[in-house]
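What follows is a set of notes on a single structure, which appears directly below.
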There are 2 protein chains.
Amino acid sequence: MGRRVDPERVARKREQITLEAGRLFSTRGYERTSVADIAHAAGVSPASVFYYFSDKAAVFRAIFERDLPAAEALVAAHAHTETPVAAILDVLSALARDAADPGASGMLVELLRRVEHDPELVAVVTRTAEVLTGGLAALVEQGIAAGDIDPSLDPAAAAAWLQAIVDATYLNARPGHSPLVELRRTVTGYLTPPLPEGDPQHD
Amino acid sequence: MGRRVDPERVARKREQITLEAGRLFSTRGYERTSVADIAHAAGVSPASVFYYFSDKAAVFRAIFERDLPAAEALVAAHAHTETPVAAILDVLSALARDAADPGASGMLVELLRRVEHDPELVAVVTRTAEVLTGGLAALVEQGIAAGDIDPSLDPAAAAAWLQAIVDATYLNARPGHSPLVELRRTVTGYLTPPLPEGDPQHD
DNA sequence: GTCTATACTCGGATAGAC
DNA sequence: GTCTATCCGAGTATAGAC
């Protein structure tokens, strides 16, 4: 009658393997990281990795499964605001926070590479992306309604573009240099109405 | 006494192999593309590939070797202008032109991945990047001098950031969607002085 | 549950004939 | 120059002992 498996122990083991795998994938790349490498880093045997994961691709997917709750929390935290543009900047800054981390850049690159070959990975990341896109699009709509954002923008398209800009900060990450200033300046410049010659003040 | 090798023929063969390799690398990825795949696509044997290239990595590098003259021509064509902001937009539009090509996104990702493991590839692409950065930085300086660009911007940093925005168009590429509108809007918004409350007119 | 050992496949690169 | 044939190393995944 004793419990056969300790789900908490399993979760810890998976977490441990996932952590080491993430480090290796981000630095060496997916194909150049062998399961033996992961097992060695995690202090287990290759066979144990296959006990906790169905195959190598599943190890990679596990890294991104925890992004969904984080994205939901981020969006929820800024859903109700009276300053939509500031909220957008906060969300994007949070997303770009890790850009300075040298491994994060490599991880994004590997992700972009892998999604083309792993349909299950697509399912994992599109859910996260949809949450972010939806949240950002809603904020863009609020900004338009408040008159702070150019009404000619399509909210969904703008949200996708803003995320692409954040991704670009990862790709062009340089050590010791935070992209936050450029990011803020770019985003505000993109969202703000172009002030076509004449309506300078309205208060 | 006849010439033993026909350099033009060699160039054509290399070009042919490079072309097919580029297609395969961009869709399947570097590691998942075997030399046998490239040879088959080019209609030659694997051994012939190694006759024209020292190894697989050299085939990949060859794809980017022709970018340097293109970059030099692009920069030279816009070096002397009286409308620096328009020139910058032209240069960036040209760079983003290929973003519509499906596969171009994959190629960018593969490149970013490979540079971390191939020092010779770094040498190839940094020369191209330096040409572009130098040309763009010069245009930014001219724009500042002309009063069209915010003087608080650092030309070199701005040039690097502009290239990051071009990368974003690749990441945001979707079939049937031209990135040029977002690109123009984003770049002008970034470069233009922010008009801080009070100096609406100056003529 | 975790290990050792291994079956099986595949890819890069070379040798040598023509 | 271009081919066929092949060597060698590596990597995923599994079988089965403990």
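Atoms considered below: every heavy atom in the structure, side chains included; atoms not considered: hydrogens, waters and symmetry mates. In this text the structure is predicted, and so the values were computed from the model without any measurement. Proteins come first, then strands; the chains are lettered A, B, ... in the order of their sequence lines, and each starts at number 1.
Between A:Glu130 and A:Arg127, no side-chain nitrogen of the basic residue sits less than 4.0 Å from a carboxylate oxygen of the acidic one, so the salt-bridge criterion is not met. By the 4.0 Å N-to-carboxylate-O rule, B:Arg32 lies too far from B:Asp37 to be salt-bridged with it. Salt-bridge check for B:Glu65 with B:Arg61: failed, with every basic side-chain N at 4.0 Å or more from each acidic carboxylate O.
Contact annotation for B:Ser45: base contact, defined as any heavy-atom pair under 4.0 Å involving a base atom. At the heavy-atom level, A:Arg9 lies under 4.0 Å from the strands shown only through sugar-phosphate atoms. Looking at heavy-atom distances under 4.0 Å, B:Tyr52 makes contact with sugar-phosphate atoms alone, never a base.
Separating the NE2 atom of A:His40 from the C1' atom of C:dT2 is a distance of 17 Å, rounded to the nearest angstrom. Atom C1' of nucleotide D:dT14 and atom OH of A:Tyr51 are separated by 16 Å, given to the nearest angstrom. Straight-line distance from the CZ atom of B:Phe53 to the P atom of D:dT2: 12 Å, rounded to whole Å. In this entry the distance linking CG of A:Asp37 with P of D:dA13 reads 14 Å, nearest Å. The separation between A:Phe60 atom CZ and D:dT12 atom C1' is 17 Å, rounded to whole Å. C:dT2 atom C1' lies 11 Å from atom CD1 of A:Ile17, rounded to whole Å. Taking atom CZ of residue B:Arg32 and atom P of nucleotide D:dT12, one finds them 12 Å apart after rounding to whole Å.
Between A:Ser48 and C:dG1 there is no side-chain N or O to OP1 or OP2 distance below 4.0 Å.
Under the ring pair (Phe, Tyr, Trp, His ring centres under 6.0 Å) criterion, the residue pairs touching residues 64-120 of chain B are B:Phe60-B:Phe64, with sequence neighbours excluded.
No hydrogens or angles considered: nothing links the side chains of B:Gln142 and B:Thr81 as a donor-acceptor pair under 3.5 Å. B:Trp161 and A:Thr186 form a side-chain donor-acceptor contact under 3.5 Å, judged by distance and modelled atom types alone.
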Sub-3.5 Å pairs of nitrogen or oxygen atoms, protein against nucleotides 13-18 of chain C:
unit_1 : atom_1 : unit_2  : atom_2 : d
C:dA13 : OP2    : B:Lys56 : N      : 3.2

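Because its NZ or CZ atom is both nearer than 6.0 Å to the ring centre of B:Tyr190 and within 45° of the ring axis, A:Arg185 counts as a cation-pi partner of that residue.
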